[in-house]
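Here the structure is laid out as structure tokens; the discussion comes afterwards.
Residue numbers start at 1 and run along the sequence shown.
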Amino acid sequence: MRNYLFIILCVAMMASCSTSHKKYHIGVSQCSEDIWRDKQNSELRMGAYFYDNVDLSFATAYDSDERQVQQIDSLVAKGIDLLIVAPNQMATVTPAIDRAYDKGIPVIVFERKTNSQKFTAYIGADNYEMGRLMGEYIASRLGGKGRVMEVMGLKGSSPAIERHKGFSDAITLYPGITLVATLQGDWTEQSAYNVVKQYDGDLSDIQFIFGQNDRMAMGARKAILEQHANARTLFCGIDGLPGENGGIRLVRDSLLDASYIYPTHGDQLIKLAVDILDGASYQKETNLMSALVTHENANVLLMQNEEVMRQAHYLDQLNDKASAYLRQLSYQRVISFLALGFVILLLVLAATVFLYNRQRQRLSKERLKMERARLDFFTQVSHELRTPLTLIEGPLAELAETPDIKYAEANTSRLFDIVRRNTRQLTHLINQMLDAQVGKQPLEVSREQADALTVGETATPKTDIAAAANLVPTPEDAPTLLIVDDNADIRTYLHAILQSRYEVVLASDGQQGLELARRVVPDLIVSDVMMPVMNGLEFCQRVKEDYVTSHIPVILLTARALSQHQVEGYKSGADAYITKPFSPELLLVRIDNLLASRHLLKNLWEREPLRDVTSTTADDQPAAPEVHVENEKENPFITRFKSVVESHLADSDISVEILGQEMGLSRVQLYRKVKALTGCSPVDMMRKARLAEARRLLNDTDLTVSEIAYRVGFTSPSYFSKCYKDEYGKVPGEARK
């Protein structure tokens, strides 16, 4: 694939050489040198690859106003066609920019502003908004209370001024937040280290430090930890660059609590410059979009940026190779050039066919992997949105049935209806949004959306359902339900709507749920899918594979609403799949139906006759029991239970403990499993088996009633007669007649 791209690039550049364009010389004046500007310069060069008539000249002032003024004048003297400049300081560098503009040279100011309106276009991020949003973030992280410190960038530079203003305006809205000090740095890590080190106030009680870029945030961190090794101060900055020392990696590694991506967009700068020089339409002021980097999204952003940087580096290599190749071709005569061009075109066609066949399978796998990653992202978003919606819709439905709401005043009823209607509308919109985005393109979560999700997760109000649930008694002999969900509010809500009809047991993850399922042997399990330690799919599969719990029906209750997710759930053995938010009535009906359909053994010995326990061997000893085996589709537990029971019909001393030992279960486990499947205890099922065999013997043999009673394990003929009448409505003698 790389060779293919190289050939295409060569052909494109050769084609461009055949046409004549005006050569544009663009000067770039950078105020300093750091990894942010290295990234931007790389993007400027990459953007120039797409314009064969663009030549770039770079100059770096290394944070010196005097040097930058000299460099701008020097670029103008060389006859540049356009100037791209990031002013070190507004007041001192502005005159040099004005001189270039007055000479008719278009000027693009980027990242930093000047004191003058003599510029052709401005492009950069909104530094005020960045400062404001970082102030809002810090206030949110501290819960509206705490002591914070700010370390500013170079004095007199527009980003430092605007970020400070935005930060101060945001902090002012929180009376509980105290801005202890605003220290003056110069964008470097060492400057932040020095000013924090020299600060004569108490650093041990600073909860958060905002560095106006990531390097200063790290310098402040170093100074704090040197004085207070155990300090719990949090740090955040701005730039959010990828790479070894970039802000994204620092956030991912928890060295910084957050950063804010300050976009470079060198390629966009080049396009704007060419549009201006070509006389095309352009926007005079362009604010670049940005995004907050937190620990939750740092890893994804880092992987994305590293892939972009890898591709950019590879494009640089392609450009170098193509340039060298074209320099060699320039020395050949026109006929050789045309012949070579023809050969290259043939090679392109051949390479296209060859590489298409060779790479198709690999690209298909990569595409599936990317689709899976995107699906997982939206699944997580769906889970985070649907869970709180469940905790809103469900209680609202319960409240709607209470007298307080049914007979409320008109105004109260109208307000309640508005809440319910808008909740349903929000659910519908979320479903549409997630379904559309999963089917089309990845969802870009903005800073405000990310904050909303975080607030929704951490500020969910705790309901009083648990307290109210203790007031409702659970019926005796009620079926036992196991609820498995890592969300405490969901567990509380499910307990509230189920405990009046069932005995409810709670678990917070799949591992704990599996242990409880083996110990309690519930009648039914309701489980979430997305859980820590052990997810719901693995938990369901383990339940169905375990001999003790394999009979228990499992309902997966989850926000994973796509069809492929439901297929995964049913493949793991789930008996039902209900998506959040859900109707309590639907959940109750599904539980009732599953419980009703599980009584498979109740008439087990009525369907087919037992083996003949009266047959004997040549030694007049009872013959070995002829164990009945159901068809291959029958539940293995049913087959085994029938076999064990039938082999002990004549044993009057058989106990549940002995039956359990032969089944490989404890007495409690056997009782609960048989009870769940039949509604009867093992002792009841043993008596049913004996009476069914006695009924067959009465019809098929001449044995007396007493002989039959002893044959099937009864120690008293009178008790046998009583049980027989209770089961079939007649005493044994009447049944035989």
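- Here the side chain of Arg672 pairs a donor or acceptor atom with the backbone of Val520 at under 3.5 angstrom.
- Taken to the nearest 0.5 Å, the OG1 atom of Thr294 stands 14.0 Å off from the CZ atom of Arg252.
- For the pair Ile497/Leu588, no side-chain contact is recorded, criterion being any heavy-atom separation below 4.5 Å from C-beta on.
- Minimum interatomic distance between Asp575 and Pro553 (heavy atoms only, all atoms of both residues): OD1-CA, 3.2 Å.
- Between Leu557 and Leu494, the closest side-chain pair of non-hydrogen atoms falls below 4.5 Å.
- None of Asp592, Leu524, Asp523 except one satisfies the side-chain contact (heavy atoms from CB on, under 4.5 Å) rule with Pro479; the exception is Asp523.
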- Message: Applying side chain to side chain contact (heavy atoms under 4.5 Å, CB included) to Arg590 and Phe582, what does each step give before you reach the verdict?
- Response: CA-CA 12 Å; Arg590 296 305 293 272; Phe582 59 89; over 6 Å; no
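- Looking only at side-chain heavy atoms (C-beta outward), Leu659 and Leu665 stay at 4.5 Å or farther from each other.
- The two residues Cys723 and Leu691 make their nearest non-hydrogen contact at O-CD1, 3.7 Å.
- Residues forming a side chain to side chain contact (heavy atoms under 4.5 Å, CB included) with Asp257 (at least two apart in sequence, or on another chain): Tyr137, Arg141, Phe208, Leu234.
- Across all their heavy atoms, Pro522 and His551 have their closest contact at O-NE2, 4.5 Å.
- Here Asp726 does not pair with Arg687 in a salt bridge; the nearest charged N to carboxylate O distance is not below 4.0 Å.
- Legend: residues meeting side chain to side chain donor-acceptor pair (under 3.5 Å) with Glu366, ordered by chain and number and at least two apart, are Arg362.
- Across all their heavy atoms, Met663 and Leu670 have their closest contact at CG-CD1, 4.3 Å.
- Interatomic distance, Ile591 CD1 to Ile555 CD1, rounded to the nearest 0.5 Å: 5.0 Å.
- Partners of Tyr724 according to the ring-ring contact (aromatic ring centres under 6.0 Å, His included) rule, which considers only residues two or more places apart in sequence or in another chain, are Phe720, Tyr728.
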- Message: Working note: Ser706 + Thr704, criterion side chain to side chain donor-acceptor pair (under 3.5 Å); need CA distance, chi angles, decisive distance, verdict.
- Response: CA-CA 5 Å; Ser706 296; Thr704 66; 4.9 Å; no
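- Under the 4.5 Å side-chain criterion, counting only non-hydrogen atoms from C-beta, Tyr502 is in contact with Leu595.
- Counting non-hydrogen atoms of other residues, nucleotides and ligands closer than 6.0 Å to CG of Asp253 gives a total above 12.
- Leu482 CG to Gln512 CD: the interatomic distance, rounded to the nearest 0.5 Å, is 9.0 Å.
- For the pair Arg542 (side chain) and Gln511 (backbone), a donor-acceptor distance under 3.5 Å is absent.
- Counting only distance, with no hydrogens or angles, the side chain of Ser643 and the backbone of Thr639 share no donor-acceptor pair below 3.5 Å.
- Heavy-atom contacts from other residues, nucleotides or ligands closer than 6.0 Å to CD of Glu545 number more than 12.
- Note that CZ of Arg249 and CG of Leu301 are 13.0 Å apart. Values are rounded to the nearest 0.5 Å.
- Residues passing the salt bridge (charged side-chain N to carboxylate O under 4.0 Å, His left out) test with Glu515: none are found, sequence neighbours excluded.
- Side-chain atoms of Lys369 do not come within 3.5 Å of backbone N or O of Ser364 as any donor-acceptor pair.
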- Task: Evaluate the criterion side chain to side chain contact (heavy atoms under 4.5 Å, CB included) for residue pair Leu292 and Asn297; output intermediate values, then yes/no.
- Result: CA-CA 9 Å; Leu292 182 69; Asn297 64 358; 5.9 Å; no
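- Checked by atom type and distance alone, the side chain of Glu538 never pairs as donor or acceptor with a backbone atom of Asn535 at under 3.5 Å.
- Annotation: the span from Thr701 atom OG1 to Arg696 atom CZ amounts to 7.5 Å, rounded to 0.5 Å.
- Note that the CG atom of Leu506 and the CD1 atom of Ile490 stand 12.5 Å from one another [nearest 0.5 Å].
- For the pair Met685 and Val645, the minimum side-chain heavy-atom distance is 4.5 Å or more.
- A search for side chain to side chain contact (heavy atoms under 4.5 Å, CB included) contacts involving Val589 returns Asn593, not counting sequence neighbours.
- Using a 4.0 Å cut-off between charged nitrogen and carboxylate oxygen, Asp528 and Arg491 do not count as a salt-bridge pair.
- The minimum heavy-atom distance linking Ile248 with Ala298 is given by the pair CG2-O, 3.2 Å.
- With Arg711 contributing its side chain and Ala694 its backbone, the two residues share no donor-acceptor pair below 3.5 Å.
- Residues Asp509 and Asp486 fail the side-chain proximity criterion, which asks for heavy atoms closer than 4.5 Å.
- Lys722 forms no cation-pi arrangement with Phe714, by the criterion of a distance under 6.0 Å to the ring centre and an angle within 45° of the ring axis.
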- Task: In sequence, state the C-alpha distance, the side-chain angles, and the governing distance for Ile658 and Asp651, and then conclude on side chain to side chain contact (heavy atoms under 4.5 Å, CB included).
- Result: CA-CA 11 Å; Ile658 295 175; Asp651 186 358; 5.7 Å; no
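- When all heavy atoms of Lys673 and Val521 are compared, the closest pair comes out as N-CG1, 4.1 Å.
- No salt bridge links Glu693 with Arg690; every basic N to acidic carboxylate O contact stays at or beyond 4.0 Å.
- At distances below 3.5 Å, at least one donor-acceptor pair connects side-chain atoms of Ser721 with backbone N or O atoms of Pro717.
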- Query: Between Val554 and Lys544, is a side chain to side chain contact (heavy atoms under 4.5 Å, CB included) present by the stated rule, with each step listed?
  - Reply: CA-CA 9 Å; Val554 177; Lys544 294 299 182 178; 4.1 Å; yes
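- Looking at residues two or more places apart in sequence or on another chain, you find a side chain to side chain donor-acceptor pair (under 3.5 Å) between Ser681 and Asp684.
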